[in-house]
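Below: one structure, written as structure tokens.
Owing to the predicted nature of the structure, the values given are computational and were not obtained by experimental measurement. FYI, side chains are in, hydrogens and waters are out, and symmetry mates aren't considered; it's all heavy atoms of this structure.
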Amino acid sequence: MALPILLTKGLIILVIFGISLLIATYSTYAERKVAAFLQDRIGPNRAGPWGLLQPIADAGKLFFKEDFIPSQASKWLFILGPSLAMFTALMSSAVIPFGDSIRFMWDNVRYDINVQGIEINIGVLYIFGVVSLGVYGVMVGGWASNNKFSLLGAIRAASQNISYEIALGLSIITILMMTGSLSVRQIVNEQASFFEWNVFTQPLGFIIFLTCSFAECNRTPFDLPECETELVGGYHTEYSSMKLGLYLFSEYINMFVSSAFISALYFGGFHYPFMNEVNGALENSLGAITGHNLATALGFLVFFGKILFFIFFFMWVRWTLPRFRYDQLMNLGWKIFIPLSILNVVITGAGLLYNFKYSSWLIAIVMIVLAVTSQAKAPKQQVVPQRS
Amino acid sequence: MQLTNRAKQVSNKEMTLAEKMYLPAVVSGLAITIKHFFRKKPTIQYPEVKKYLGPIYRGHHILKRDEQGRERCTACGLCAVACPAEAISMVAAEREKGEESLYREEKYAAVYEINMLRCIFCGLCEEACPKQAVYLRHDQMVPVFLERDEVIYGKDRLVEKMDDRYIRKNSEVKTTPTEPSLTRSAT
């Protein structure tokens, strides 16, 4: 490979990595701020202006706490747990297409380098492979702690992740059917025009995917692995200092990666309405190279806007909804989401046979009608006369 | 009789399909929280902004002087007797010649100490005082102390300064707070 390609690629990876970690770090701050705002409070505001140095202060505190390993724990597995969680969370960001391409001339040859860690044509498979490894971080951590509560938490986490991964995979199959490719970039490029965004063609798949991502990230309302009331903390009961920090931080990286996938798979990635017109105007006025790079930068920003919105959405849901009960969680995963997504696959397949992309709406409409009629048929809540 | 009229009869009825689908309820919950996101926060940024606590707030103790700058306290000890927390202690002394401009009457407190760790700011000392010498300021709090030897307040910190006299005519009057940070929030 030519040197400039390597350099550009390295630069792109560095920038993506840096921005991802920065966003994950500041998500911890944003989480506390959003939580405070949703509860009519102000949130961290002591460290730095508006509390902006809070993540640094938190990290400093975590570093200086005692790094404790229980004497009965298996030491190496105990250390391996958080690093596994962190590792898998970071790995999956490699195939996200963050932008179109950077274009430059070198020796009279025009190069187009994709703004993406690595472009592989089995991107979606890779994602599922890596994401499903994430449960090992939790399992190993819970097992190595040699604590019954941690083990219970880890097992709960494992069964939850497995049951929701199936629905996650099934809900995404419809997109693969419509695109005919496993490459994430290909899926994103299929959504170039606004009304072809998968969220409009696959509303049901989107809702299932979104909910399952919540469960995959172990975020509320699906944060059953850590449950103070039942498990004295969950799989990371025995963890302290930066090891616990790594577990918590990997949750935020997971959230960032999930948001990126939601926006890439369902919300058109770096595409935005009227993108072709804007890009055409930029290339016409500034030349094929500068204009193209500017357009790429614009798409990059749009993509991060979408990611930030979904991170906010994750937090918004977390501070609104209470935790599920464990049997409800399992019911929802196995009895509702999996049949629904299979139905979605069937209907989408039938629609594709007749070149009708929006067939997934059929289920959505049927469900809305059912809901409305059941609501109408339901007996009105009796107004109990107030005793005076 | 009911305390509020917000009581609701609890029912254990079967959920309708719309309720079983969770989503409508989830969306309405999200709508409620996002409304709170944009709401004005009722928080007061305490150490920087202080609220006016009203004319009858009981704060920092003060030993009054009269108009000519003479200390009013005669060390009668009634405040110490009235104090339920036994925070006040004093040593009386006799006024000598040449000290008439310092002390109002023949007897005065040579030492007057309040233990701020014990004080419960009940205001009974203020009520017990026959000479109107001890007051609890309504506009100033006892500052935070970090060392144990800062806890006992002697006359150096209790007797009022003549250039910053504490005036409280009656409880209806809303005097301007003397602490600079208080004036900011006194709207």
All side chain to side chain contact (heavy atoms under 4.5 Å, CB included) counterparts of B/D66, not counting sequence neighbours: B/Q68, B/R70, B/R72, B/R104
Residues from residues 25-38 of chain A approaching chain B under 4.5 Å (heavy atoms): A/V34, A/F37, A/L38
Sequence neighbours excluded, every pair satisfying ring-ring contact (aromatic ring centres under 6.0 Å, His included) that has a member inside residues 65-96 of chain B: none
Per-residue contacts, residues 31-40 of chain B versus chain A, heavy atoms under 4.5 Å: B/T33, B/I34, B/H36, B/F37, B/R39
Exercise: identify the closest heavy-atom pair between A/D40 and B/P42: O-CD, 3.6 Å
Per-residue contact mode, A/I336 against chain B (heavy atom under 4.5 angstrom): neither
B/K161 atom NZ, neighbour heavy-atom count above 12 within 6.0 Å: yes
Interatomic distance, B/L23 atom CG to A/T211 atom OG1 [nearest 0.5 angstrom]: 7.0 Å
Over all atoms of both residues, closest heavy-atom pair of B/Q45 and A/R46: OE1-NH2, 3.5 Å
Within 6.0 angstrom of A/K61 NZ, more than 12 heavy atoms from elsewhere: no
Whether over 12 other heavy atoms sit under 6.0 Å from A/Q39 CD: yes
